[in-house]
Each structure stands twice: as structure tokens, then as C-alpha cells.
Amino acid sequence: MSSEKPDQVETLRRDLLKACNTLSNVNLFQAAKWCAEALNGLPEPKPETADLQPEMLILDEDALLDQNKYLLAKAYFNCKEFDRAAHILKNCKTGDALFLRLYSILISVDKRATEETDGSINIGSDVVDDMNNRLSKIIQESENYLTKSKPNSFLYYLNGVIYNKKKKYALAQSNLYNSLKLFPYNWSAWQELISSLITFEEAINFITKVKAAKSSLSSSIMFQFFEVVVLQEFYQQSSSLFDSLNHLITIFPSFTFLKVQQFLISYHSLDYFQAESTFDQILVDDPLRLDDLDTYSNMLYVMEKRSKLSFLAQFASMIDKFRPETCCIIANYHSMRSEHEKAIMYYKRALTLNKNCLSAWTLMGHEFVELKNSHAAIESYRRAVDTNPKDFRAWYGLGQAYEVLDMHLYALYYYQRATNLQPLDKRMWQALGNCYEKIDKLEEAVKSFEKALTINSAEPHICYRLALISEKLGDVKETYKYMKLCFEQELDWGVNDETSKARLWLARNSLESRRFEEAYELAKDLSHSNAHDIEEARSIAREARNRMSKN
């Protein structure tokens with residue numbers, strides 16, 4: 001690192017401290033928490049700067065007029081009396097006071113919509129219409145202020161949140177960009193911006209455009225955090241991701257958020273043991289943390305670590321029973337015990353607590369699949385991709401659900417979406433290959449299975465499928481190549497149905513090609529298969545031995 005690093009750290013410390021106070025002042029508590037955790041993630045301050053105080057905000061005349069009512073509204077907001085907080089600020093003059101008023105209305109609207117639907121999957125059209133009307137009024141009031149008065153970062157942020165809800169992503173990005181240019185330390189605004197970027201190409205174009213503008217935002221440390229999370233969320237395992245992440249870790253050696261990014265990168269690349277080790281260390285450093293614990297529990301479920309998942313469910317319940325993360329962890333525990341109805345109940349509870357709980361919709365879809373309720377599964381997965389179009393598991397789940405219903409063209413579309421998001425997961429390519437094979441697009445099936453074969457080690461199942469499809473296409477050379485490759489996997493995978501069938505095919509081929517010794521060696525050891533195949537292998541071995549004795 002350069003000699004400027006200590007100065008850079010002290011400037012960051014001052015900026016984060018000020019930002020934390022500013023965000024707390026407007027009741028953006030999640031963003032304030034992120035700044036406070038980042039502040040504590042910096043190296044220990046020098047003794048002379050340890051008692052650093054944030055700069056005092058100089059209030060203008062309008063702000064002083066709003067001050068008493070603003071303090072009262074903040075108190076009402078903190079007591080979850082959102083309508084009351086909004087009412088007390090109805091004649092406010094300043095942008096921050098207007099933000100708190102409109103933000104209170106937004107939370108009240110969301111809360112009422114959740115209560116009226118009771119966290120259920122289907123939302124009535126009358127509820128949606130009422131919600132949209134109220135959101136439009138918030139936008140109108142905010143934009144009226146911004147056109148007549150001075151710019152306000154938090155009002156732009158609020159507009160961005162609402163445009164995201166309305167799926168007007170270009171408008172959301174424009175407002176969030178304006179917000180972050182004025183105040184880059186609002187991590188909630190960065191998160192909204194990330195959720196508005198639907199494809200990786202769109203995200204890269206946005207990043208390129210910001211860098212080309214050469215504004216102070218592109219050189220901000222917050223922009224570096226944004227780039228890391230964008231690459232992580234789009235499953236891009238590039239050297240630039242690791243370089244940026246390592247650079248941030250040298251500046252923030254104790255920032256849990258960055259360790260979570262490391263965990264997610266390992267988790268998405270299916271390196272579960274590294275991911276588990278990373279998150280175990282996070283829990284040692286911050287044992288009462290519930291953030292991201294549901295994702296950790298998903299991984300333990302996949303790893304079939306039953307006792308660890310059971311402990312995690314009990315532990316999370318002791319910390320806070322009514323957090324969506326806790327409900328998802330308990331649901332995963334019940335799912336592992338094949339108690340699918342109980343699991344669904346807890347996923348629904350998580351969604352009642354937070355209807356945007358990303359993983360709950362997807363995981364609930366998996367539970368409906370287990371219960372053979374394809375239509376409910378499809379509805380859950382649709383809500384998942386509606387909430388987060390970057391969730392490859394939900395697209396993959398939709399593909400599986402439609403495949404069960406024999407609607408292969410639909411399934412193919414959803415598998416393609418999943419594969420575009422997670423191209424390094426062989427399961428996606430296998431599913432795509434299966435689908436192409438079922439609709440007789442055999443060349444495309446071969447390409448998909450070959451792609452699956454290039455990821456990690458060769459699997460007998462994939463090799464055998466490629467051999468069978470090549471046989472259907474009448475390509476004897478390719479069939480032989482894949483049957484041989486499948487048989488050779490016995491060394492790594494052991495004897496199984498596919499390697500035994502490949503052995504029998506090779507023995508048959510050798511006999512037909514008059515390679516009697518090779519046919520005999522292949523056929524005499526076949527024992528793991530059905531009675532018909534074993535009998536055929538014995539017959540080939542006898543025939544080969546007889547031919548050898550005659551020669």
C-alpha cells in the first residue's frame with residue numbers, strides 16, 4: 001500500500017462517522033448500521049484521533065423551524081407509529097423532514113399491504129391498485145419538492161425505491177444515481193441500485209458509464225464496494241473481483257460485510273467447505289449475527305449437515321424468533337426432516353415478516369415440489385423471480401416444475417435463464433441437455449452435455465448420456481469415445497449402472513470388431529447390473545474365449 005494509506009483511513013473514519021450520524025438522523029437504520037460496521041472494520045485509530053467527533057450540522061432557518069416537529073416525528077417513527085409521524089410533518093419545509101414524512105407513509109403502505117394479504121402468495125388486485133395510487137402520490141410530492149427546492153439525496157433515494165417497486169428500472173437508476181452523487185455513503189441506495197440492474201450486461205454498462213463521467217462518485221470507496229457486490233451477485237468469478245475484494249480487505253480488515261462477500265463467492269462457486277470455514281469464522285467474530293445466516297443454513301442443508309443445522313435453528317431462535325432469517329433456518333431444518341408442511345409454514349412466516357425475503361419464495365417452491373404440488377411451486381418460483389430476477393435457483397425451479405408437467409418448451413426457457421445466470425454450475429447444463437433431448441433437439445443436447453462435462457471432473461452419467469445421444473445420431477466414433485470415457489470413470493467414481501452399461505457396450509463393440517481379447521477382458525468382470533446384462537456379458541466372454549482358442 002502507498003504511504004498515503006494512514007491519511008486515507010483517517011479521512012474514511014471521519015466520513016463514515018459523519019455518514020452514520022446523518023443516516024441515523026433520517027431513520028435509515030440499515031444504512032446507518034452498515035456505516036457503523038464499516039467504521040468498526042477499519043484498523044484501530046491512532047490515540048490522537050480516537051475521540052474523533054463528527055462535524056456539527058449547521059441548520060438553516062427552515063430546518064430550525066422544522067426541528068421540534070422533526071424530533072417528535074422521529075420519536076413516533078421509532079415507536080412504529082408511522083401514520084402519526086407522517087401527520088406531524090404535514091407542513092414541513094425541509095427536504096429531510098419531507099423525506100421522513102414520505103418514508104413513514106411508504107412503510108405504512110407496505111405494512112398495510114402485508115397485513116391485508118396475511119403474507120399469502122396471492123395479492124388481490126384492489127390491494128395492488130390502492131398501493132400503486134399511494135406510491136404515485138409519494139413520488140409526485142417528492143418530485144414537486146425537488147423541482148422547486150434544492151436537491152435532496154434522501155428524496156432521490158425514496159423515488160428510486162418506489163420506481164423499483166413499480167419496475168420502472170431506468171427511472172429508479174436515474175434517481176438513485178442522483179442520490180449517490182449527493183451522498184455516496186447510503187448503502188441502502190447502492191442495494192436498490194443493484195436490484196434495479198437485471199442483467200450483467202446492464203450492470204457493466206452502468207459501471208462503464210459512471211467511470212466515463214469521471215465524477216467524484218466513481219473514485220469513491222463506496223463505488224468499489226458496489227462493483228464487488230455486482231460481480232458477486234452475478235456470479236462473476238473474475239480476477240478483478242478478487243483484486244478489488246482483497247484491496248478493500250486491506251483497508252477494512254475487520255469488516256464482516258467483506259467476509260460475507262468471500263463466503264458468498266465460495267458458496268456460488270460450489271466450494272462449500274471453503275464457504276463453511278469462512279462463515280464459521282464470521283460467527284466466531286460476531287456470534288449473535290443473524291444477517292446472511294439463512295444462506296449459511298441453505299448451504300448446511302445441501303451439505304446434509306443435519307446436527308449443525310439443528311443447532312443453528314435452536315441458536316437463531318434463542319437470539320430472535322421473529323426475524324425472517326430465523327424462520328428460514330427453522331424451515332430448512334424441517335425440510336431436512338422431510339416435514340414439508342411445517343417448512344412451508346415457516347417460510348410463509350418469514351414472508352409475513354418481510355415479503356421481500358428473497359430465499360423464502362424459492363425454498364417454499366422446493367417444498368411444494370416435494371409435495372408434488374407443481375402449480376403452487378410455480379407460483380412461489382414466479383414470486384421469487386419477480387422479487388429477484390438474479391436468483392438462478394428460482395429459474396431452475398420453474399424449469400423443473402414445468403418439466404414435471406411435460407411442458408418442455410417452457411422448461412427450456414427457464415433453464416436457459418438459469419444457465420445464463422450461473423454458467424459454471426453443471427446442473428444447469430445437464431437440465432438443459434435433458435430438455436433438448438426430450439424435444440428431439442439432439443445436437444443442442446450434445447452441446448449442453450459437453451459443456452457440463454467441461455466443468456470440474458467428468459461424471460459417468462453425463463458421459464453415458466452423451467454416448468446414447470451420439471448413438472441416436474448415428475455417430476459411431478463419438479459413441480465409442482463417450483462410452484470409453486464413461487467406463488474409465490470407474491477408477492474415480494467406482495462401479496455404477498452407467499459404467500457397467502458402458503463396459504457391456506464396449507465389450508459388444510470389441511467382439512463385433514474382432515478384438516476378442518479386449519472383449520473377453522471387458523465382459524468377464526461385469527457383475528454390477530441386471531440379470532439380462534450379466535447373462536449377455538457372460539455370453540460375450542464365452543464367445544470371445546472360443547474365438548481366441550480357434551485363432
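Start at 1 with the first residue, then count along the sequence.
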Is there a donor-acceptor pair closer than 3.5 Å between any side-chain N or O of [X] and the backbone N or O of [Y]?
X: Asn21; Y: Leu17; answer: yes
X: Ser142; Y: Ile138; answer: no
X: Ser179; Y: Asn175; answer: no
X: Asn246; Y: Phe242; answer: yes
X: Gln422; Y: His268; answer: yes
X: Trp187; Y: Met222; answer: no
X: Trp429; Y: Pro423; answer: yes
X: Ser335; Y: Ala331; answer: no
X: Glu202; Y: Ile198; answer: yes
X: Asn178; Y: Ser174; answer: yes

Would you say [Y] and [X] are linked by a side-chain donor-acceptor pair, where the criterion is simply a distance under 3.5 Å?
X: Tyr436; Y: His408; answer: no
X: Asn25; Y: Asp96; answer: no
X: Asn186; Y: Ser153; answer: no
X: Asp83; Y: Ser108; answer: yes
X: Ser448; Y: Gln430; answer: no
X: Lys166; Y: Ser136; answer: yes

For the [atom1] atom of [X] and the [atom2] atom of [Y], what is their distance to the nearest 0.5 Å?
X: Asn152; Y: Phe183; atom1: CG; atom2: CZ; value: 11.0 Å
X: Tyr185; Y: Ser220; atom1: OH; atom2: OG; value: 5.5 Å
X: Tyr347; Y: Thr352; atom1: OH; atom2: OG1; value: 14.5 Å
X: Leu155; Y: Asn144; atom1: CG; atom2: CG; value: 11.0 Å
X: Asn164; Y: Leu176; atom1: CG; atom2: CG; value: 6.5 Å
X: Met407; Y: Tyr413; atom1: CE; atom2: OH; value: 14.0 Å

Is there side-chain contact between [X] and [Y], with at least one heavy-atom pair below 4.5 Å?
X: Phe223; Y: Trp190; answer: yes
X: Tyr296; Y: Tyr301; answer: no
X: Ile344; Y: Leu371; answer: yes
X: Cys327; Y: Leu353; answer: yes
X: Lys451; Y: Met428; answer: no
X: Arg134; Y: Leu106; answer: no
X: Tyr402; Y: Tyr414; answer: yes
X: Leu146; Y: Asn159; answer: yes

For residues 99-111, pull every pair meeting salt bridge (charged side-chain N to carboxylate O under 4.0 Å, His left out), keeping only residues two or more places apart or in separate chains.
Arg101-Glu141, Asp110-Lys165, Asp110-Lys355, Lys111-Glu115
What's the verdict on side-chain contact (heavy atoms from CB on, under 4.5 Å) for Ile105 and Lys137, showing C-alpha distance, side-chain angles and the deciding distance?
CA-CA 10 Å; Ile105 294 171; Lys137 285 177 184 173; over 6 Å; no
Listed partners of [X] passing side chain to side chain donor-acceptor pair (under 3.5 Å), at least two apart:
X: Asp292; answer: Arg289
X: Tyr333; answer: Arg337
X: Thr362; answer: Asp391

Tell me, with the steps shown, if Asp294 and Arg323 meet side-chain contact (heavy atoms from CB on, under 4.5 Å).
CA-CA 10 Å; Asp294 53 331; Arg323 274 278 292 267; over 6 Å; no
If every non-hydrogen atom of [X] is compared with every non-hydrogen atom of [Y], which pair is closest and at what distance?
X: Lys390; Y: Ser195; result: NZ-CA, 3.7 Å
X: Ile378; Y: Ala401; result: CG1-CB, 3.6 Å
X: Ser297; Y: Ile329; result: OG-CG1, 3.6 Å
X: Gln236; Y: Leu241; result: O-CD2, 3.1 Å
X: Leu98; Y: Tyr145; result: CD2-CB, 3.5 Å
X: Leu28; Y: Phe99; result: CD2-CZ, 3.8 Å

In this structure, are over 12 heavy atoms from other groups packed under 6.0 Å from [X] atom [atom1]?
X: Lys167; atom1: NZ; result: yes
X: Tyr169; atom1: OH; result: yes
X: Phe322; atom1: CZ; result: no
X: Lys209; atom1: NZ; result: no

May I ask you to check whether [Y] and [X] place their ring centres under 6.0 Å from each other?
X: His87; Y: Tyr76; value: no
X: Tyr157; Y: Phe154; value: no
X: Tyr396; Y: Tyr415; value: yes

With salt bridge (charged side-chain N to carboxylate O under 4.0 Å, His left out) as the test, would you mind laying out the steps for Arg393 and Asp425 before giving the verdict?
CA-CA 11 Å; Arg393 296 170 308 163; Asp425 190 334; over 6 Å; no
Residues passing the ring-ring contact (aromatic ring centres under 6.0 Å, His included) test with Phe77, sequence neighbours excluded, are Phe82, Tyr103
Under the salt bridge (charged side-chain N to carboxylate O under 4.0 Å, His left out) criterion, do Arg382 and Glu379 qualify, and how do the steps go?
CA-CA 5 Å; Arg382 284 197 184 287; Glu379 190 59 48; 5.9 Å; no
Does the cation-pi check pass for Arg349 over Tyr346, that is, NZ or CZ under 6.0 Å from the six-membered ring centre and within 45° of its axis?
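Yes, a cation-pi geometry holds between Arg349 and Tyr346.
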Which donor-acceptor pairs under 3.5 Å do side chains of residues 251-267 form with protein atoms, sequence neighbours excluded?
{"from": "Lys259", "atom 1": "NZ", "to": "Asp285", "atom 2": "OD2", "distance (Å)": "3.2"}
{"from": "Gln261", "atom 1": "OE1", "to": "Gln232", "atom 2": "NE2", "distance (Å)": "2.8"}
{"from": "Ser266", "atom 1": "OG", "to": "Gln262", "atom 2": "O", "distance (Å)": "3.3"}

